[in-house]
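In what follows, a structure is listed as structure tokens, so that the remarks can point back to it.
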Amino acid sequence: MYLLRLISRNALRHKLRTALTVLGLVVATLSFGLLQTVVDAWYSGAEGASATTLVTRNATSLVFPLPLSYQERVRAVDGVSGVGYANWFGGIYQDPKNFFAQFAISGKSYLDIYPDYLLPEAERSAFLRDRKGAIVGRKLANQYGFKVGDIIPLRGTIFPGQWEFVVRGIYDGRQGTTNTATMFFHWDYINEVIKRSIPRRANQVGVYVVQIAHAEDAAAVSGAIDAQFRNSLAETLTETEKAFQLGFVSMSEAIVVAIRVVSFVVIVIIMAVMANTMAMSARERLAEYATLKVLGFGPGYLAALIFGESMLLALAGAALGILLLFPVAAAFAAAMGTMFPVFQVSPLTVVLQLLSAMAVGLVAGVAPTLRATRVNIVEGLRSIG
């Protein structure tokens, strides 16, 4: 207890210096945690992917569609328990900056594959009955104020024209990592209009979503699906939903790597600042350390004083940074809207913040500890801090 009291008194000897050092640690820890959360949000789609869901797309590129006639052939493959399909719509709501994901889906068959979308049965039934019906995620509804019964107008880009959809339901996520920032509506309705306006683009889908009974059959089922359409005009590439999502992340991999690097650079910078602070403190206290040596205190006691002070400052800054991370992350997510459908601080991020702070405290204490333990008693007593 006496040692802890001495450490705390040393830390508070220069209150302004201590406050500024802790403030720097708070900013560094907070920045590190926020940047790590941004990276986690980038990978959230892949991390939340089901191991029993496959995605079949055109082997050439996702831009090219697949014929609707493939559905029954995919369903007939051994190991397949369900098939749905979807098209990216890409419509504009009021203003181009109001971006959010929109998918034309196969209705019941698609929703059955994603049980994490929680929708009241009455709203689900209303959506399935209404050709112009739509369902939106809770986060999307909160951002734009959508309510059941509202009409959402979209200006088509991939599918030209003015489109109107009626909100028949608002879905929630079974888990906190479930994407609730998406709008779904009926592919059949889109296809009916396209048949009249652009007949050559009718009866085509973007991807097939395939449900399998056992995750270990993913490779075999994927191979069997692709083998059916080999050498056809529209060859397929089937992969797990996680691999499909990671394909999108890889397109912006340079940005993700840059964010990771910056997050660790912040820690290295504050480590240098902290080391300088501890070095100044040790230089000012050389006479005190020499006196302690005269009184019989060994190098271990001096090391405990210096490392204890360094760790106290580091952990104090980390604790405040972690506490601030949660409200700051919530405010950041609100400001970003649907850009990050899932934005949550993970337990791993908090652990990394603590470990980083401990590393800063340990590294910052090395140089002053070596100086204090090696100081000559006579030279130390003559030292003026």
Point to revise | Ring centres under 6.0 angstrom apart (Phe184, Tyr110) | key: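 Ring-ring flag for Phe184/Tyr110: true, centres closer than 6.0 Å.
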Contact check, side chains of [X] and [Y], non-hydrogen atoms, under 4.5 Å:
{"X": "Ile152", "Y": "Val136", "value": "yes"}
{"X": "Val273", "Y": "Thr21", "value": "no"}
{"X": "Leu118", "Y": "Arg138", "value": "no"}
{"X": "Val74", "Y": "Thr236", "value": "no"}
{"X": "Lys147", "Y": "Val167", "value": "no"}
{"X": "Trp42", "Y": "Val38", "value": "yes"}
{"X": "Leu140", "Y": "Met183", "value": "yes"}
{"X": "Tyr93", "Y": "Pro153", "value": "yes"}

Quick check: closest heavy atoms across [X] and [Y], and the distance to 0.1 Å?
{"X": "Arg168", "Y": "Gly133", "value": "CG-CA, 3.8 Å"}
{"X": "Ser232", "Y": "Tyr70", "value": "OG-OH, 3.3 Å"}
{"X": "Ala357", "Y": "Ala314", "value": "O-CB, 3.3 Å"}
{"X": "Thr52", "Y": "Ala215", "value": "CG2-N, 3.9 Å"}
{"X": "Val221", "Y": "Gly79", "value": "CG2-CA, 4.3 Å"}

Does [X] use its side chain to pair, donor to acceptor, with the backbone of [Y] at less than 3.5 Å?
{"X": "Ser61", "Y": "Phe64", "result": "no"}
{"X": "Gln102", "Y": "Phe100", "result": "yes"}
{"X": "Arg73", "Y": "Gln228", "result": "yes"}
{"X": "Asn191", "Y": "Asn203", "result": "yes"}
{"X": "Thr349", "Y": "Thr37", "result": "no"}
{"X": "Thr29", "Y": "Gln353", "result": "no"}

Within this structure, what is the [atom1]-[atom2] distance for the pair [X] and [Y], rounded to the nearest 0.5 Å?
{"X": "Leu315", "Y": "Leu354", "atom1": "CG", "atom2": "CG", "value": "7.5 Å"}
{"X": "Gln143", "Y": "Thr180", "atom1": "CD", "atom2": "OG1", "value": "11.0 Å"}
{"X": "Ile105", "Y": "Ile135", "atom1": "CD1", "atom2": "CD1", "value": "5.5 Å"}
{"X": "Asp172", "Y": "Asp116", "atom1": "CG", "atom2": "CG", "value": "12.0 Å"}

Point to revise | salt_bridge(Arg75, Glu72) N-O dist < 4.0 Å | key: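 Answer for the salt bridge query: yes.
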Review point. Mind checking whether Tyr144 and Phe146 have parallel, tilted or perpendicular rings, split at 30° and 60°?
Key: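 Correct class here is parallel.
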Practice item. Return the orientation label for the Phe343 and Phe332 ring planes: parallel under 30°, perpendicular over 60°, tilted otherwise. Key: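 Phe343 vs Phe332 ring planes: tilted.
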**Study point:** Among Glu235, Glu241, Glu239, salt bridge (charged side-chain N to carboxylate O under 4.0 Å, His left out) partner for Arg57
**Key:**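 Option passing the salt bridge (charged side-chain N to carboxylate O under 4.0 Å, His left out) with Arg57: Glu239.
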Exercise for review: Test Phe103 against every option in Tyr85, Trp88, Phe89 by the ring-ring contact (aromatic ring centres under 6.0 Å, His included) rule and name the one that passes.
Suggested key: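 So, applying the ring-ring contact (aromatic ring centres under 6.0 Å, His included) to Phe103 and each of Tyr85, Trp88, Phe89, only Trp88 qualifies.
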Check your understanding: Does Arg124 make a cation-pi contact with Tyr117 (under 6.0 Å, within 45 degrees of the axis)?
Key ->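 No, a cation-pi geometry is absent between Arg124 and Tyr117.
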Exercise for review: Start with the C-alpha gap between Phe185 and Phe127, add the side-chain angles, then the distance that decides, and say whether ring-ring contact (aromatic ring centres under 6.0 Å, His included) holds.
Suggested key: CA-CA 8 Å; Phe185 39 82; Phe127 165 67; 9.0 Å; no
Point to revise | Working for side-chain hydrogen bond (donor to acceptor under 3.5 Å, both in side chains), residues Gln36 and Ser263 | key: CA-CA 7 Å; Gln36 288 295 321; Ser263 69; 3.0 Å; yes
Check your understanding: Got more than 12 heavy atoms from elsewhere within 6.0 Å of CE, Met358?
Key ->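 Incorrect, the count does not exceed 12.
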Point to revise | Atom CG of Asp78: over 12 foreign heavy atoms under 6.0 Å | key: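 For Asp78, atom CG is not crowded (no more than 12 foreign heavy atoms under 6.0 Å).
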